[in-house]
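Shown next, in structure tokens, is the structure this report addresses.
Labels below follow one simple rule: chain letters A, B, ... track the order of the sequence lines, proteins then strands, and each chain is numbered from 1.
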2 protein chains.
Amino acid sequence: MTDTRATILVVEDEPEIRRFLRSALGTEGYKVVEAGSVKRGAIDAASHKPDLAIVDLGLPDGEGIELIRQVRAWSPMPLIVLSARAGEAGKIAALDAGANDYVIKPFGIGELLARVRSALRGVVRPSGGGHTLKLGGTAIDLDARTASRDGTPIHLTPIEYRLLTCLARNTGMVVTQGQLLREVWGPAHESDTHYLRIYAKQLRDKLEPDPLQPRYLVTETGIGYRLFCD
Amino acid sequence: MTDTRATILVVEDEPEIRRFLRSALGTEGYKVVEAGSVKRGAIDAASHKPDLAIVDLGLPDGEGIELIRQVRAWSPMPLIVLSARAGEAGKIAALDAGANDYVIKPFGIGELLARVRSALRGVVRPSGGGHTLKLGGTAIDLDARTASRDGTPIHLTPIEYRLLTCLARNTGMVVTQGQLLREVWGPAHESDTHYLRIYAKQLRDKLEPDPLQPRYLVTETGIGYRLFCD
DNA sequence: GATTGGCGTAAAGACGGCGTAAAGATTTGC
DNA sequence: GCAAATCTTTACGCCGTCTTTACGCCAATC
């Protein structure tokens, strides 16, 4: 599990910091991929499948936190957030969205590298299997972000994916409403439980053989939801 | 899991911070184990096998970093370091010794809890073991929040489940009515003992082989109830 | 042997959570 | 800039769960 040639994705718009990171990470032996926006970051994360990503929160085309949610919907890769904001609320939001660490700018490069090493440690490189679910006639590939039913592809919206992966990570176990809301919509919507009901129905309509009698996406009244698979 | 009673080991010598952490982690639903020294910390980590440990660096009988090395030698559990020192060298040393995160005192409790959630996320809890009860033909998995009788699943309502776990935590021992009422319904209903009779019956109907002659959920007249298991 | 308190049992009512639908607001893609 | 897709908001009916209420039983007490 040596990380000699681990690939790291850097999502940062300020050229100066980008150069700084590229040089520092490069001399440490990492392969560096760079992106300057949320959109590019999402694409590069999917295409390069890096072993770790460093994400700035203040990006030109949106909040980095949105990128975190997107990536978390299909990958468990370590995510380190870089931010100029030291406020606690921002930290909590980023961490609950799926970030593994939160570093405040300005940061010491030594510390950042140590946090990278720490995050990379114990990461099992993509071994290939395991990330496909089978629910009766429907199959879901969490890596490729695709789903199909009896061969014909099904389209899932971003939120539907996030909710599904959040449930799929704990197959067979109850995931509480608070957990789901925090991870999918962020801590601010922790009490908007009606979102869950709406998207649970949408997922059931798309995935369940008989949406009126759910077999795979089961609700635990007063607690949360639970996903079964064959 | 997410969210079913993860155990957290707190290694900290200052009583004030300890109390603070115990209360904060407790209300979040975590089970808390405490230690005040490196030596006790190492022992408790080995014996309780917590899902995560929060370690202070300045301990009376040595550096917390030593404890980190010891634990890392045999366990991949998440380790969060607490420290009053903000120096970069210390951070790097702790992280490279095996820590997953480094939080500087004074810290916001919200941030710490978010970092705990983040570290706990994706941790596969050693299932099996002590978190399943066997009552004759019925099996109860406290982690997955499921119960089954001769293979067929049984549905438990939230209150039924809370009552059951409350009893299961003290298997073989009497739990007083006051305790049960306080933990399940809250302190306001401490004298509504008839609730207990109603839900005791419901549990018996669902779990006991012969509900008319309870073998596992036994009432201790005037005191409370007691749960046996095989 | 009557009485009292604690427990078991049953059933009806109240409440809240859940599913469902549809319209409005926002974002995305062309 | 427009159209489509997606997300959010709002509303309502149903059903499960919880609470309330009532009554029968047993054991202990007097």
Side-chain angles (χ1 to χ4, degrees), chain A residues 37-40 42-43 60-63 65-67 69-70 73 145 147 153-164 174-178 180-181 184-186 188-208 210-226, chain B residues 145 153-164 174-178 180-181 183-186 188-208 210-226:
Chain A
S37 66
V38 169
K39 194 171 290 186
R40 286 295 320 166
I43 295 171
D61 64 337
E63 282 295 316
I65 206 170
E66 193 45 46
L67 176 58
R69 290 214 181 84
Q70 286 181 33
R145 292 185 62 122
I154 304 174
H155 175 69
L156 294 178
T157 73
I159 285 193
E160 286 166 4
Y161 258 112
R162 270 183 261 159
L163 187 59
L164 181 62
V174 180
V175 187
T176 65
Q177 308 184 13
L180 292 170
L181 288 164
V184 178
W185 282 272
H189 298 82
E190 197 166 351
S191 46
D192 293 335
T193 57
H194 55 286
Y195 286 1
L196 289 177
R197 291 197 287 277
I198 294 169
Y199 280 88
K201 171 177 168 54
Q202 294 186 5
L203 278 181
R204 284 203 256 248
D205 284 344
K206 292 185 178 180
L207 303 178
E208 290 275 357
D210 180 7
L212 292 176
Q213 284 177 344
R215 251 191 73 192
Y216 299 100
L217 180 45
V218 180
T219 134
E220 297 289 329
T221 308
I223 307 294
Y225 290 83
R226 181 202 308 260
Chain B
R145 226 193 149 85
I154 303 175
H155 177 67
L156 295 178
T157 73
I159 285 193
E160 285 166 4
Y161 196 84
R162 263 184 287 170
L163 186 60
L164 182 62
V174 182
V175 188
T176 66
Q177 305 184 358
L180 292 170
L181 287 164
E183 285 203 36
V184 178
W185 281 272
H189 298 82
E190 198 166 352
S191 46
D192 293 335
T193 57
H194 55 287
Y195 286 0
L196 288 177
R197 292 197 284 280
I198 294 169
Y199 280 89
K201 171 177 169 52
Q202 293 187 4
L203 278 181
R204 285 202 257 248
D205 283 345
K206 292 185 178 180
L207 304 178
E208 290 274 359
D210 180 7
L212 293 175
Q213 285 176 346
R215 250 190 74 192
Y216 300 100
L217 180 45
V218 180
T219 131
E220 298 288 330
T221 307
I223 310 292
Y225 291 83
R226 182 203 305 258

If you compare every side-chain N and O of [X] against the phosphate oxygens of [N] (OP1, OP2), does one of them come in below 4.0 Å?
| X | N | answer |
| --- | --- | --- |
| B:T157 | D:dG16 | no |
| A:W185 | D:dC7 | no |
| A:Y199 | D:dT6 | no |
| B:K201 | C:dC7 | no |
| B:R197 | C:dG8 | no |
| B:H155 | D:dT17 | yes |
| B:R204 | C:dG8 | yes |
| B:Y225 | C:dG8 | yes |
| B:Q177 | C:dG6 | no |

Charged N-O contact under 4.0 Å between A:E66 and A:R162: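 Looking at A:E66 and A:R162, the cut-off is met.
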A:E208/A:R215 ion pair, N-O < 4.0 Å: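 Result for this pair is no, no salt bridge flagged.
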Rounded to the nearest Å, what distance is computed from the [atom1] atom of residue [X] to the [atom2] atom of nucleotide [N]?
| X | N | atom1 | atom2 | answer |
| --- | --- | --- | --- | --- |
| A:I154 | D:dA5 | CD1 | C1' | 18 Å |
| A:E66 | C:dT27 | CD | C1' | 11 Å |
| A:H194 | C:dT20 | NE2 | C1' | 14 Å |
| A:D192 | D:dT10 | CG | P | 11 Å |
| B:L163 | D:dT19 | CG | P | 12 Å |
| B:K206 | D:dT17 | NZ | C1' | 10 Å |
| A:L196 | C:dC18 | CG | C1' | 11 Å |

Among B:L196, B:T176, B:L203, side chain to side chain contact (heavy atoms under 4.5 Å, CB included) partner for B:Y225: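 So, applying the side chain to side chain contact (heavy atoms under 4.5 Å, CB included) to B:Y225 and each of B:L196, B:T176, B:L203, only B:L196 qualifies.
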Residue A:Y195, side-chain heavy atoms: nucleotide from D:dT8, C:dG8, D:dT20 that is nearest: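 Among the listed nucleotides, the one closest to the side chain of A:Y195 is D:dT8.
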Shortest side-chain distance from B:I198, nucleotide among C:dC7, D:dT21, C:dC18: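 Given the options C:dC7, D:dT21, C:dC18, the side chain of B:I198 is closest to D:dT21.
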Touch class at under 4.0 angstrom, heavy-atom based, for B:T193 against every strand present: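 Touches nothing.
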